[in-house]
Structure formats: structure tokens, C-alpha cells
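For reference, the structure discussed in these notes is given below.
Please read these numbers as outputs of a predicted model, since none were measured by experiment.
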Amino acid sequence: MLVVKMASPNGGDDFESSLLSFEKLDRASPDLWPEQLPGVAEFAASCKNPITDSPPKWMAELENDDIDMLKELGSLTTANLMEKVKGLQNLAYQLGLEESREMTRGKFLNILERPKK
């Protein structure tokens with residue numbers, strides 16, 4: 001049974017006492033307070049992986065230089081990482097321009113022409 005009193009707007013202690021609830025909760029009921037949710041224990045047991053010393057599959061193919069690069073990128077701040085990304089974008093653009101010039105040069109020199117049968 002829940003008993004709630006309405007507070008008067010100008011009473012201080014009366015307001016605090018009106019917030020008290022005299023409801024009694026029966027925690028013995030398995031329907032109200034289940035010990036565990038159905039299936040959760042089995043799911044949690046299936047998700048646990050034993051701790052192994054072997055690295056993950058994706059890391060097995062990395063060389064020491066690659067791991068050092070990952071550590072370096074992981075230690076950068078957001079601003080430094082964005083600056084690094086912009087630098088890589090600029091480098092890719094410059095390489096694209098250079099490749100375009102070389103392809104045009106090869107076209108004019110007939111280097112890329114297929115041999116006639």
C-alpha cells in the first residue's frame with residue numbers, strides 16, 4: 001500500500017515528510033525480483049574468451065614498422081590526427097597530378113600503344 005500526502009506550498013518540514021513513502025516491498029517474490037534474466041548467464045558465458053598470449057588474427061600479418069605506426073597514430077591528439085589526414089590527402093592529390101602528367105607524356109611518346117598484329 002502506497003501512502004502519499006500532498007504538500008502545502010508554504011510548509012518546509014511538512015513538505016519533506018510528504019515525500020516519504022510507506023510502501024512495503026516484498027523482495028521474496030521471484031516474479032518481482034528475479035535473480036537473473038533468462039538466457040543472460042548462458043550468453044555471458046559464451047562471450048567470455050580465455051586470455052591468450054597470441055595476438056589477434058588481424059595483428060599477425062603486421063610488421064614491427066606497422067605496429068610502430070599504429071602506436072604513433074594512436075598517441076596523436078585529434079587536431080594532430082586531422083593534420084596528418086590532411087597531409088595524406090594532399091600527398092594523394094599530388095601523386096594523382098604527377099601520374100596524370102606521366103600518362104599524358106606516355107601517350108605523346110606512344111609508349112602505351114598496343115603492338116599491331
Side-chain angles (χ1 to χ4, degrees):
M1 179 173 149
L2 177 64
V3 178
V4 177
K5 295 179 184 177
M6 295 303 289
S8 61
N10 49 0
D13 290 332
D14 199 26
F15 176 71
E16 288 180 14
S17 65
S18 70
L19 295 176
L20 294 176
S21 172
F22 299 106
E23 181 178 8
K24 300 216 186 271
L25 300 175
D26 181 18
R27 294 187 183 266
S29 170
D31 294 332
L32 292 175
W33 307 100
E35 288 186 56
Q36 55 184 330
L37 297 173
V40 171
E42 293 83 14
F43 177 75
S46 70
C47 288
K48 290 183 182 175
N49 292 331
I51 298 175
T52 60
D53 292 333
S54 62
K57 291 178 185 177
W58 61 268
M59 232 177 133
E61 298 177 7
L62 296 179
E63 297 176 2
N64 287 336
D65 291 340
D66 299 330
I67 294 171
D68 291 341
M69 177 67 77
L70 284 174
K71 288 179 182 177
E72 177 189 340
L73 292 174
S75 66
L76 294 176
T77 64
T78 305
N80 290 344
L81 188 59
M82 291 300 295
E83 186 177 323
K84 184 84 167 176
V85 168
K86 287 178 184 176
L88 290 172
Q89 287 175 335
N90 289 337
L91 180 62
Y93 179 76
Q94 292 299 324
L95 286 173
L97 290 177
E98 186 177 334
E99 182 180 9
S100 175
R101 281 193 300 266
E102 292 298 322
M103 291 298 285
T104 304
R105 182 175 175 217
K107 182 179 174 184
F108 287 137
L109 295 174
N110 293 325
I111 294 174
L112 302 174
E113 194 173 281
R114 292 185 183 185
K116 296 180 183 179
K117 292 182 182 179

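Note that CG of L95 is 4.5 Å distant from CG of L91, once rounded to the nearest 0.5 Å. The CG atom of L70 sits 11.0 Å away from atom CG of D65, with the distance rounded to the nearest 0.5 Å.
Checked by atom type and distance alone, the side chain of S100 never pairs as donor or acceptor with a backbone atom of G96 at under 3.5 Å. Judged purely by atom type and a 3.5 angstrom limit, N90 has no side-chain atom pairing as donor or acceptor with the backbone of G87.
Checked against side chain to side chain donor-acceptor pair (under 3.5 Å), T77 has the following partners two or more places apart in sequence or in another chain: N80. Annotation: salt bridge (Lys or Arg N to Asp or Glu O under 4.0 Å) contacts of R105 (sequence neighbours excluded): E102.
Each salt bridge (Lys or Arg N to Asp or Glu O under 4.0 Å) pair with one or both residues in residues 70-98, not counting sequence neighbours, would appear here, but there are none.
Counting Ile, Leu, Val, Met, Phe, Trp and Tyr side chains that sit under 4.5 Å apart, directly or through other members, L73 shares a hydrophobic cluster with M69, L76, L81. The other residues sharing a hydrophobic cluster with Y93 are L97, where clustering joins ILVMFWY side chains under 4.5 Å apart.
A 6.0 Å sphere centred on CG of N110 holds more than 12 heavy atoms belonging to other residues, nucleotides or ligands.
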